[in-house]
Amino acid sequence: MKVWIAHEKGRELLGDVPAGVEVEVCADAATLPSDPTDVRFWVPPFSSTVRASDLLPKLTGLRVVQLLSAGADNWVGHVPAGVQLCDAAGVHDAAVAEWVLGAAIGSLRQFPAFARAQQRREWAPGAFTPTEELTGKRVLIVGAGSIGRAVEQRLAPFEVTVTRVARTARPGQDVHAVGELPGLLPQAEVVILLVPLTEQTRGLVDGSFLAALPDGALLVNAARGPVVDTAALLTEVASGRIGAALDVTDPEPLPVGHPLWELPNVFITPHVGGAVVGLLPRAYRLAGEQLRRFAAGEPLVNRVVDGY
């Protein structure tokens, strides 16, 4: 059985490979290591390097696509029938949760403004009013999956009040449905977006969503850029009424001249929430486990069904 992986380091990180499995490295769509038609199990590079449409038509014998990313929106609808699509849910929990807390704390404590003052070599504490703080805030987590749970665990020491929202309500777990958002948003001082991008979540954060937030609220987007209506967000943050911390944008990359870059109450990172040194070991540990399951004829985990 032929397996393609995206990184040379992945050979070691996969762990024990079942007998009869041949592992080759295919790092991009331009240089194929061998005949693609007999590849059965594929661990593609991150979507920024290879799109689903680049190679899938050539992999006619494919049976499994194991992603290294938690999001599968770039692949849903492109994977042929009979091919199992699996994401890397769980792999990115710690890293993205760290980014969420860092971005929230940094934005509330005005770290970007202090960083700009440092670049100017300006020591002027009087120029800054007392900052907001995370401690005691009312936090709304939209996306109550594994990353949402990781974020909530890390929020606990800050004495926040957490409200959870998911696609459907789970009363036994104190999880609200998306349809309840209009009644929840007016009390939310920090909103953290962690939902996958689907037809249901595209544009979820629109003008009415943002208008319902109280003055001074902070929107933290660690989901996907199109979950937020950029024009509506720009209107609200440009007024100074709310702030935003964004690891993802729409469009992405954000163009050089886009007005979001210029706003002092917007903190932007270039989709790096999960980009940490521990990513590849964790991702390939999952890929190795999946490969061994597949070789043994066992069910795979993290299967993506209906975009989730």
Side-chain angles (χ1 to χ4, degrees), residues 46-48 51 71 73-74 96 98-122 124 127-134 137 139-143 181-182 185-186 188-275:
F46 292 101
S47 57
S48 59
R51 297 170 301 172
D73 48 279
N74 289 327
V96 175
E98 281 188 3
W99 182 89
V100 167
L101 259 68
I105 292 171
S107 297
L108 291 167
R109 298 300 303 270
Q110 298 185 28
F111 284 0
F114 287 115
R116 291 190 289 269
Q118 179 180 348
Q119 290 178 331
R120 298 191 299 268
R121 296 172 174 81
E122 180 179 292
F128 297 92
T129 59
T131 70
E132 288 290 341
E133 58 185 331
L134 180 58
K137 284 285 189 287
V139 178
L140 180 65
I141 298 178
V142 185
L181 279 171
L185 291 169
E189 296 172 295
V190 178
V191 176
I192 299 169
L193 304 176
L194 297 168
V195 293
L197 179 61
T198 66
E199 288 308 306
Q200 290 71 42
T201 62
R202 186 180 297 273
L204 172 68
V205 181
D206 57 11
S208 60
F209 183 113
L210 296 168
L213 294 174
D215 291 352
L218 175 69
L219 180 75
V220 181
N221 190 1
R224 287 290 186 267
V227 170
V228 177
D229 181 324
T230 301
L233 176 64
L234 184 59
T235 296
E236 290 289 346
V237 293
S239 73
R241 197 182 72 79
I242 66 172
L246 311 173
D247 188 46
V248 290
T249 60
D250 183 27
E252 190 175 303
L254 195 65
V256 172
H258 200 283
L260 279 175
W261 286 118
E262 306 298 326
L263 295 173
N265 56 337
V266 177
F267 173 61
I268 299 172
T269 59
H271 204 153
V272 294

Q.
I want to check something: taking the side chain as every heavy atom from C-beta on, are Leu234 and Leu263 in contact at a cut-off of under 4.5 Å?
A. yes
Q.
Could you tell me if the side chain of Leu233 sits less than 4.5 Å from the side chain of Val266, heavy atoms only?
A. no
Q) Tell me, do Leu185 and Leu140 make a side-chain contact under 4.5 Å, heavy atoms counted? A) yes
Q: Rounded to the nearest 0.5 Å, what's the gap from CD on Glu236 to CG on Leu219? Could you check?
A: 10.5 Å
Q. Tell me, do Leu197 and Arg202 make a side-chain contact under 4.5 Å, heavy atoms counted?
A. yes
Q: Compare all side-chain heavy atoms of Leu246 with those of Leu254 and state whether any distance is below 4.5 angstrom.
A: no
Q: Any pair with a residue in residues 203-219 that passes side chain to side chain donor-acceptor pair (under 3.5 Å), sequence neighbours left out, goes on the list, sorted by first then second residue, please.
A: Asp206-Ser208, Asp215-Arg241
Q: Could I get the full list of ring pair (Phe, Tyr, Trp, His ring centres under 6.0 Å) partners for Phe111, not counting sequence neighbours?
A: none
Q. According to the salt bridge (Lys or Arg N to Asp or Glu O under 4.0 Å) rule, which pairs have a member within residues 249-271, sequence neighbours left out?
A. none
Q) Do Val220 and Trp99 have side chains that get closer than 4.5 Å, going by heavy atoms? A) yes
**Q.** Results of side-chain contact (heavy atoms from CB on, under 4.5 Å) for Ala231 - residues two or more places apart only
**A.** Asp229
Q.
Suppose we screen for side chain to side chain donor-acceptor pair (under 3.5 Å). Which residues come up paired with Glu122, at least two apart in sequence or across chains?
A. Arg120
Q. CG of Leu108 to CD of Glu189: how many Å apart, nearest 0.5 Å?
A. 9.5 Å
**Q.** Gln200: side-chain contact (heavy atoms from CB on, under 4.5 Å) partners, not counting sequence neighbours
**A.** Thr198, Tyr308
Q: Just jot down the side-chain contact (heavy atoms from CB on, under 4.5 Å) partners of Ala223, sequence neighbours excluded, or say none.
A: Leu193, Val195, Asn221, Val227
Q: Could you check His258 against Thr230 for side-chain contact (heavy atoms from CB on, under 4.5 Å), going step by step and ending with a plain yes or no?
A: CA-CA 11 Å; His258 200 283; Thr230 301; 3.9 Å; yes
**Q.** side-chain contact (heavy atoms from CB on, under 4.5 Å) against Thr131, all qualifying residues, sequence neighbours excluded
**A.** Arg109, Gln110, Phe114
